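Only heavy atoms go into these numbers, but all of them, side chains included; no hydrogens, no water, no symmetry mates. All values derive from a computational prediction rather than experimental measurement.
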Amino acid sequence: MATPTVRAATTTDDAAAAPAVGFVTHEVSNQAPPLEGYNLFTTDRALDEALARAGASWARDAAIAFGAELGGAPLEWGRVANVYGPVLRTHDRFGHRIDEVEFHPAWHDLMRTSVAHGLHALPWREARAGAHAARAALFFTMTQVEAGHLCPISMTYSGVPALRAQPELAAEWEPRLTSTSYDPRMRPAPEKTGALCGMAMTEKQGGSDVRANSTRAVPLGAGGPGREYAITGHKWFCSAPMCDVFLVLAHTERGLSCFAMPRFLPDGTRNQFHIQRLKDKLGNRSNASSEVEFHGAWARMVGDEGRGVPTIIAMVNHTRLDCVIGSSAGMRAALVQALHHTRHRSAFGKRLAEHALMQNVLADLCVESEAATTAMMRLAQAYDDGATPDEQAFARLATAVIKYWVCKRQPVVVVEALECLGGGGYVEESVMPRLFRESPLNGIWEGSGNVICLDVLRAMGREPESVDAFFREVDRGRGQDARLDAFVDATRDQLTDFTDIERRARRIVERMALALQGSLLVRHGDPAVAAAFCASRLAGDHGKAFGTLPSGLDCPAILARAWPV
C-alpha cells in the first residue's frame, strides 16, 4: 500500500516547488495497550491478604480462577451491556399485558457468570467461617468488570435473611434463590432452575421516609404472618423488575408491613405487577430500575404485621454491605486504569508514572483504595453466621459508618483517576466515563448520606453496646502509631458532647470511619501505606485534593504494592 503524501500547490517559489515529502498521517504511538488479560484478584495484594485475615483462605483458589476469568471476555460484556441497555415491553403484539424487560445477550452472560460463581448466595450455600468475606472478594472483582448487573445479584443475596423471618416462605424460596443456575425466562418460579429477588420500598412522596408510603395491603382471609394479601399502590423505585419475587412494604391496619410478592400467582397466571417505566438514570445503565404499580397484586406477609421496617432491615443491611463493596471496587477499577495508563504513556522525556508529582497523585489514590478495601473486607467478616455478639454489634454500627465514608470517597477518587488519563479519559471508550457515572450511586442507594448519619446516631443511642464494640476494634491498633492514638482520642471526645450533635453528624461519622481505617491499616496494611494514611488522613498533613501527600513517604513502594509490574 502506498504511503499517503501531501503535495504542495503550484507556485513560482522555487522552495515551494520542491517535491513533497511523504509521511504517515495516522501512525499510533505512545498509547497504553488495552487493559485486558490480567488477573483481577492476584494483582490486588490488599484484597488477597484481607481474604486470608477474614478466615476465607479456603476460597482463594476459586478467587484466583475467577479473577483470571474476568480479565477476558467479561470485560467486553460489561461494555456492550451498557451500550445496549434494557428495553421495557409492557404488552405483547396481541395487546396482552406482559410487563417484561429485554436485555442484550451480554447482560445475560454477566448474570450467568455471577450466579454460577455464587455471588448471589455463597454464604447461604457455604455455612462456614469466612463465607461472607469470600463472597465479598468475588463481588468486588466482578464489580470492576460491570456494576449494573450486580443489583439483582445483591438483592437476591440480601433477600434471603429477610425471608427467613417467615420460615415457610424461606423454605419455599430459598432453594430457588440460592441455585447457581441462571434462568432468565419469564415463567412461574416452580418451573425454573433458579430465581432472583428484587425489592420495592420507596414511593415518590416519601423516598427514604418509608413510613410516608401510601401502598395498602388488604388481607384475603384472616391475615397475619405468612397469610395472603392483595396489595394496591405505586412504587417510585423498584430494583430489578425482571426478578421472580419482591420484598415489598405496604400498610395494613396495624402499620407498615413486609410482603413477598411473586411475579406469578400460584395458578401460573401473571400477578398484577405492572411496570410503568424504566428509570433513565445517570449511570447504572445496564440495569433496569423501574416504577411499578400493584393492582390488587397477590402477596404473603413476611414477619409480624406492622413490623415491616424491622423485617426488611435485614435485607437493607446486607445491601448496604454491598454498597461498601461496590464503592471500594469502583475505586479499585479506576485506580487500575490510572496506573496502567501512566505506566505506558510518556510525556516530557519519561513515563508519566515516573514523574514525582504523578507519583504523589497515584500513591494518594492507592492509599484511599487500600483503606476502603481493608475496611470493606473487615466489615464482610463481621457478617459471618457464626459471628459473636460483639461482632454483630460491631457490624450494626460499622456498616453505616463505612457505608457513609467509602461511598463518599468513590466519586472523588474516580474523578482524579480519570484526570490521570487526560483527555482520553473523558472519552467513552476509555471506560472512565462509565466508572464516573456509576460512582455516586452507592452513596444514594440504601440510604443517602444524611440518612446514614442519622442511622449512626440512632444506633449509638439505642444500642450503646455497638459503640463499645466499634471502639474495641479501633483500639486494637492502639500504641502502633501516635497519630492514630491522638485521632481516636479526639474522636471519642466528640462523641461525649451531645450539643448540636445532629448538625455535627457527618463530621463525627467521617472521623469514626477514618479511625477504623487507620487502625486496620497500622495492624494489617503495608507499612508505607499505613504511614501515608496516618500522616495525611489523621495528622492532617494533606491538601484539599489528591496528590498532596507530605514528603518523606515511599510512593514507589505504595505504587508497586497496588499494581505489581
Side-chain angles (χ1 to χ4, degrees), residues 88-92 95-101 152 155 159 162-163 165-166 168-169 172-173 186-189 195-279 288-313 315-316:
L88 173 62
R89 304 296 185 197
T90 57
H91 296 77
D92 66 14
H96 301 118
R97 185 105 199 193
I98 57 174
D99 295 288
E100 297 185 9
V101 183
M155 295 291 105
L163 283 170
Q166 201 62 44
E168 67 272 31
L169 288 178
E172 176 185 351
W173 281 100
M186 186 56 65
R187 296 283 189 277
L196 297 172
C197 181
M199 177 170 61
M201 290 202 306
T202 61
E203 299 180 12
K204 53 183 176 288
Q205 73 278 2
S208 296
D209 184 9
V210 293
R211 296 194 183 279
N213 285 2
S214 61
T215 298
R216 297 287 166 180
V218 177
L220 300 174
R227 299 297 183 88
E228 301 177 1
Y229 283 76
I231 298 181
T232 300
H234 177 276
K235 293 295 179 179
W236 181 245
F237 223 97
C238 174
S239 296
M242 75 298 295
C243 290
D244 301 280
V245 65
F246 299 83
L247 289 180
V248 175
L249 290 180
H251 280 284
T252 66
E253 290 184 354
R254 296 185 180 179
L256 198 61
S257 304
C258 182
F259 298 87
M261 180 185 293
R263 284 299 303 269
F264 285 83
L265 300 175
D267 64 4
T269 59
R270 294 175 187 254
N271 205 353
Q272 295 300 305
F273 176 106
H274 299 318
I275 304 174
Q276 299 304 306
R277 62 171 174 165
L278 300 185
K279 295 289 192 178
S289 302
S290 64
E291 290 179 44
V292 296
E293 285 190 356
F294 311 133
H295 294 243
W298 183 86
R300 294 172 66 186
M301 183 176 287
V302 181
D304 293 334
E305 186 174 358
R307 299 284 294 168
V309 173
T311 299
I312 209 168
I313 203 67
M315 185 177 199
V316 173

Can I get a per-line list of side-chain donor-acceptor pairs under 3.5 Å for residues 218-231, giving both atom names and the distance, sequence neighbours left out?
residue : atom : partner : partner atom : Å
Glu228  : OE1  : Trp298  : NE1          : 3.3
Tyr229  : OH   : Gly224  : N            : 2.8

**OP:** Decide side-chain contact (heavy atoms from CB on, under 4.5 Å) for Gln166 and Arg300; before the verdict, give the C-alpha distance in whole Å, the side-chain angles of both, and the deciding distance to 0.1 Å.
**Re:** CA-CA 10 Å; Gln166 201 62 44; Arg300 294 172 66 186; over 6 Å; no
Original post:
Can you tell me if CZ on Arg97 sees more than 12 non-hydrogen neighbours from other groups inside 6.0 Å?
Top reply: yes
**OP:** Report the C-alpha distance between Phe264 and Met186 in whole Å, list the side-chain angles of each, state the deciding distance to 0.1 Å, and finish with yes or no for side-chain contact (heavy atoms from CB on, under 4.5 Å).
**Re:** CA-CA 9 Å; Phe264 285 83; Met186 186 56 65; 3.6 Å; yes
Original post:
Any chance CZ of Arg307 has more than 12 other-residue heavy atoms, nucleotides or ligands included, within less than 6.0 Å?
Top reply: no
Original post:
Got a sec, which residues hit side chain to side chain contact (heavy atoms under 4.5 Å, CB included) with Glu203, two or more places apart in sequence or on another chain?
Top reply: Gln205, Asn213, Ser214, Thr215, Lys235
**OP:** Sorted by first residue and then second, give each side chain to side chain donor-acceptor pair (under 3.5 Å) pair with at least one member in residues 236-246; sequence neighbours left out.
**Re:** Lys192-Asp244
Original post:
Can you tell me if Thr269 uses its side chain to pair, donor with acceptor, with the backbone of Leu265 under 3.5 Å?
Top reply: no
**OP:** Please tell me if the side chains of Val248 and Phe294 come closer than 4.5 Å, counting only heavy atoms from C-beta onward.
**Re:** yes
**OP:** For Pro262 and Trp173, work out which heavy atoms get closest and say how close.
**Re:** CB-CZ2, 3.9 Å
Original post:
Do Arg270 and Asp99 have side-chain heavy atoms sitting under 4.5 Å apart?
Top reply: no
**OP:** Answer yes or no: are there more than 12 heavy-atom neighbours, outside Glu168 itself, under 6.0 Å from its atom CD?
**Re:** yes
Original post:
Shortest non-hydrogen contact from Ala162 to Met315?
Top reply: CB-CB, 4.0 Å
Original post:
Got a donor-acceptor contact below 3.5 angstrom from the Ser290 side chain to the Val292 backbone?
Top reply: no
Original post:
Closest heavy-atom contact between Pro241 and Ile275?
Top reply: CB-CD1, 3.7 Å
Original post:
If every non-hydrogen atom of Cys238 is compared with every non-hydrogen atom of Phe273, which pair is closest and at what distance?
Top reply: SG-CZ, 4.0 Å
Original post:
Should Phe237 and Met201 count as side-chain neighbours, where that means a heavy-atom distance under 4.5 Å?
Top reply: no
Original post:
Do Leu163 and Leu247 pass the side-chain contact (heavy atoms from CB on, under 4.5 Å) test, and can you show the C-alpha distance, the side-chain angles, and the key distance before you say yes or no?
Top reply: CA-CA 8 Å; Leu163 283 170; Leu247 289 180; 3.9 Å; yes
**OP:** Please step through side-chain hydrogen bond (donor to acceptor under 3.5 Å, both in side chains) for the pair Gln272 and His274, ending with a clear verdict.
**Re:** CA-CA 6 Å; Gln272 295 300 305; His274 299 318; 3.2 Å; yes
Original post:
Taking the side chain from Ser257 and the backbone from Gly255, do they hold a donor-acceptor pair closer than 3.5 Å?
Top reply: yes
Subject >> Heavy-atom pair of closest approach, residues Ala240 and Pro152 >> reply: CB-CB, 3.8 Å
Original post:
In Å, rounded to the nearest 0.5 Å, how long is the span from CD1 of Ile98 to CG of Asp92?
Top reply: 5.5 Å
Original post:
In Å, rounded to the nearest 0.5 Å, how long is the span from CD of Glu305 to CD of Glu253?
Top reply: 7.5 Å
Original post:
What are the two closest non-hydrogen atoms of Phe259 and Ala299, and how far apart are they?
Top reply: CB-CB, 3.9 Å
Original post:
Is it true that Arg277 and Glu291 have a side-chain N and a carboxylate O under 4.0 angstrom from each other?
Top reply: yes
Subject >> Backbone of Gly296 reached by a side-chain donor or acceptor of Thr232 within 3.5 Å >> reply: yes
